[in-house]
Participant: 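Quick one: the structure is below, questions incoming.
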Amino acid sequence: MSTATAQRLTAILHREEEVYVAECPEVGTVSQGDTVEEALANLREATELFLEECPQPALAPRLLTTFEVSVA
């Protein structure tokens, strides 16, 4: 009997044509939805299914930041 363990993962979302695309960089899962909420829910489901089949060691938290570039 297995017990579920909660892991906090990163979701990166962006708009692509008519849908929102959501990606989890820690495990490489990607999904989409008509709204941000739907895309995130679909990503959560895809990631849970992936981790059931391909368990990963405990993942270290990621540092997420932004930066600026100069564009000529």
Side-chain angles (χ1 to χ4, degrees):
M1 183 167 121
S2 68
T3 57
T5 305
Q7 292 187 36
R8 184 173 300 269
L9 302 173
T10 307
I12 301 172
L13 291 96
H14 68 275
R15 185 88 170 151
E16 193 170 292
E17 295 182 15
E18 298 298 316
V19 297
Y20 288 94
V21 176
E23 174 186 357
C24 176
E26 287 91 347
V27 297
T29 50
V30 179
S31 195
Q32 67 182 31
D34 292 331
T35 64
V36 169
E37 294 79 11
E38 182 181 13
L40 188 55
N42 291 342
L43 178 64
R44 182 179 293 112
E45 180 181 7
T47 302
E48 287 172 348
L49 291 170
F50 175 79
L51 291 174
E52 284 177 10
E53 293 296 319
C54 304
Q56 305 289 308
L59 301 168
R62 295 226 174 173
L63 173 63
L64 182 62
T65 188
T66 61
F67 63 95
E68 294 181 15
V69 295
S70 297
V71 179

Participant: Look at atom CD of Glu45 and say whether more than 12 heavy atoms of other residues, nucleotides or ligands are closer to it than 6.0 Å.
Facilitator: no

Participant: Kindly check if the number of other-residue, nucleotide or ligand heavy atoms within 6.0 Å of CD (Gln56) is above 12?
Facilitator: yes

Participant: Using a 4.5 Å cut-off on heavy atoms from C-beta on, say whether the side chain of Asn42 contacts that of Gln32.
Facilitator: no

Participant: What's the shortest heavy-atom distance between Glu52 and Pro55, and which atoms?
Facilitator: O-CD, 4.2 Å

Participant: Can you name the closest pair of heavy atoms from Ala22 and Ala39 and give their distance?
Facilitator: CB-O, 3.7 Å

Participant: Taking CZ in Arg8 as the centre, count heavy atoms belonging to other residues, nucleotides or ligands within less than 6.0 Å. Is the count above 12?
Facilitator: no

Participant: Testing Glu38, Arg44, Glu37 one by one against Leu40 for a side-chain contact (heavy atoms from CB on, under 4.5 Å), which residue passes?
Facilitator: Arg44

Participant: Is there a path of hydrophobic side-chain contacts, each under 4.5 Å between heavy atoms, that joins Phe67 and Val71?
Facilitator: yes

Participant: Can you tell me which residue among Leu51, Val30, Thr29 is in a side-chain contact (heavy atoms from CB on, under 4.5 Å) with Cys24?
Facilitator: Thr29

Participant: Could you check whether any side-chain heavy atom of Val19 comes within less than 4.5 Å of a side-chain heavy atom of Asp34, counting everything from C-beta outward?
Facilitator: yes

